[in-house]
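Hydrogens, waters and symmetry mates play no part in the numbers below; they use all other heavy atoms, side chains included.
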Amino acid sequence: MSDVVAYVDGGSLGNPGPSGIGVVLARSAGPTIRIAKWIGRQDNNVAEYVALLEALQCALILKAVKLHVYSDSEVVVRQMNGEYICRSPRLYSLHWICRKLARSFDFTISHIRREANTEANRLANSAVRKNLSRRSSMHQISLLPAEENVPGGQGHTICDLQLQTSVPYEDERIPT
């Protein structure tokens, strides 16, 4: 078990537009994990939440005890800290799932300036650029139902994202 620090960023070219996420996970034991994913045509706030969701899911897989997340999205940080209420129907499910998963850790989240989040931003942008250079098709993202995480259980889905597309989805995990 370890402590994990995550830098997350989501972005879209246009709002909405082609979108990607970038996540950098630094562990107290083990190599840094870098993730760049294409998430289809989304708005910027959805992309930011999907990046947070990815970090939460990875921290669960890593069996982290403590997770501290840094994000340049003031909306996501303030909603996750309870300073803002999430009233957006577009964001509510993502917000709810992230809050539920965050309870699995000693969880904290802080806002940082965009200049301090350059690596996660670079990963998110690279996911969009790489996908746009290959094709210009539109994708949709939908949430599958969440199930409870059974302690010690195997094979239980906590939450997953499903892309509806005619082209294969590529998950890029870039370890150092």
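In this structure R78 satisfies the side-chain hydrogen bond (donor to acceptor under 3.5 Å, both in side chains) test together with E74, Y84, sequence neighbours excluded. For S88, the side-chain contact (heavy atoms from CB on, under 4.5 Å) criterion is met by R90, L91, not counting sequence neighbours. Residues forming a ring pair (Phe, Tyr, Trp, His ring centres under 6.0 Å) with F107 (at least two apart in sequence, or on another chain): none. E83 is linked by a side-chain hydrogen bond (donor to acceptor under 3.5 Å, both in side chains) to nothing, counting only residues two or more places apart in sequence or in another chain. By the side-chain contact (heavy atoms from CB on, under 4.5 Å) test, V77 pairs with S71, N81, I109, H111, sequence neighbours left out. With sequence neighbours excluded, the residues satisfying side-chain hydrogen bond (donor to acceptor under 3.5 Å, both in side chains) with N125 are N121. For R103, there are no side-chain hydrogen bond (donor to acceptor under 3.5 Å, both in side chains) partners two or more places apart in sequence or in a different chain. Partners of R87 according to the salt bridge (Lys or Arg N to Asp or Glu O under 4.0 Å) rule, which considers only residues two or more places apart in sequence or in another chain, do not exist here.
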Check against side chain to side chain contact (heavy atoms under 4.5 Å, CB included), I97 and L53: CA-CA 8 Å; I97 290 168; L53 179 59; 3.7 Å; yes

Stepwise side chain to side chain contact (heavy atoms under 4.5 Å, CB included) test for L123 and I35: CA-CA 7 Å; L123 290 166; I35 302 166; over 6 Å; no

Candidate pair L25 and V23, rule side chain to side chain contact (heavy atoms under 4.5 Å, CB included), full reasoning: CA-CA 6 Å; L25 294 154; V23 178; 3.9 Å; yes

Full working for side chain to side chain contact (heavy atoms under 4.5 Å, CB included) between L94 and V50: CA-CA 7 Å; L94 287 166; V50 173; 4.2 Å; yes

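The shortest distance between side-chain heavy atoms of I33 and V24 does not fall below 4.5 Å. With contacts defined as side-chain heavy-atom distances shorter than 4.5 Å, the pair R27/D3 does not qualify.
Linking ILVMFWY residues whenever their side-chain heavy atoms come closer than 4.5 Å, directly or via other members, places V5 and I112 in the same cluster. Under a hydrophobic-cluster definition in which Ile, Leu, Val, Met, Phe, Trp and Tyr are linked whenever side-chain heavy atoms come within less than 4.5 Å, directly or via other members, Y92 and L101 are assigned to the same cluster. L56 and L62 fall within the same hydrophobic cluster, defined by Ile, Leu, Val, Met, Phe, Trp and Tyr side-chain heavy atoms under 4.5 Å apart, directly or through other members.
For the atom pair OG1 (T108) and CG (L67), the distance works out to 7.0 Å, reported to the nearest 0.5 Å. Distance CG/D72 to CG/D9: 4.0 Å, rounded to 0.5 Å. Rounding to the nearest 0.5 Å places SG of C98 at 11.5 Å from CD of E48. Here the CD-CD1 distance, from E54 to I21, works out to 4.5 Å after rounding to the nearest 0.5 Å. Rounding to the nearest 0.5 Å places CE of M80 at 11.0 Å from OG of S73.
Residue pairs meeting the ring pair (Phe, Tyr, Trp, His ring centres under 6.0 Å) criterion with at least one member in residues 42-80, sequence neighbours excluded: Y7-Y70, Y49-H95, H68-Y70.
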Output a table of donor-acceptor pairs, distance under 3.5 Å, between side-chain atoms of residues 10-19 and any protein atom two or more places apart or on a different chain; print 'none' if there are none.
residue : atom : partner : partner atom : Å
S12     : OG   : G14     : O            : 2.6
N15     : OD1  : N44     : N            : 2.8
S19     : OG   : G17     : O            : 2.8
S19     : OG   : Q42     : N            : 3.3
S19     : OG   : Q42     : O            : 3.1

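Heavy-atom minimum distance, G82 versus R99: N-NH1, 4.0 Å. S104 approaches L60 most closely through the heavy-atom pair CB-CD2, 3.7 Å. The two atoms that bring G22 and A51 nearest to each other are O-CB, 4.3 Å, heavy atoms only.
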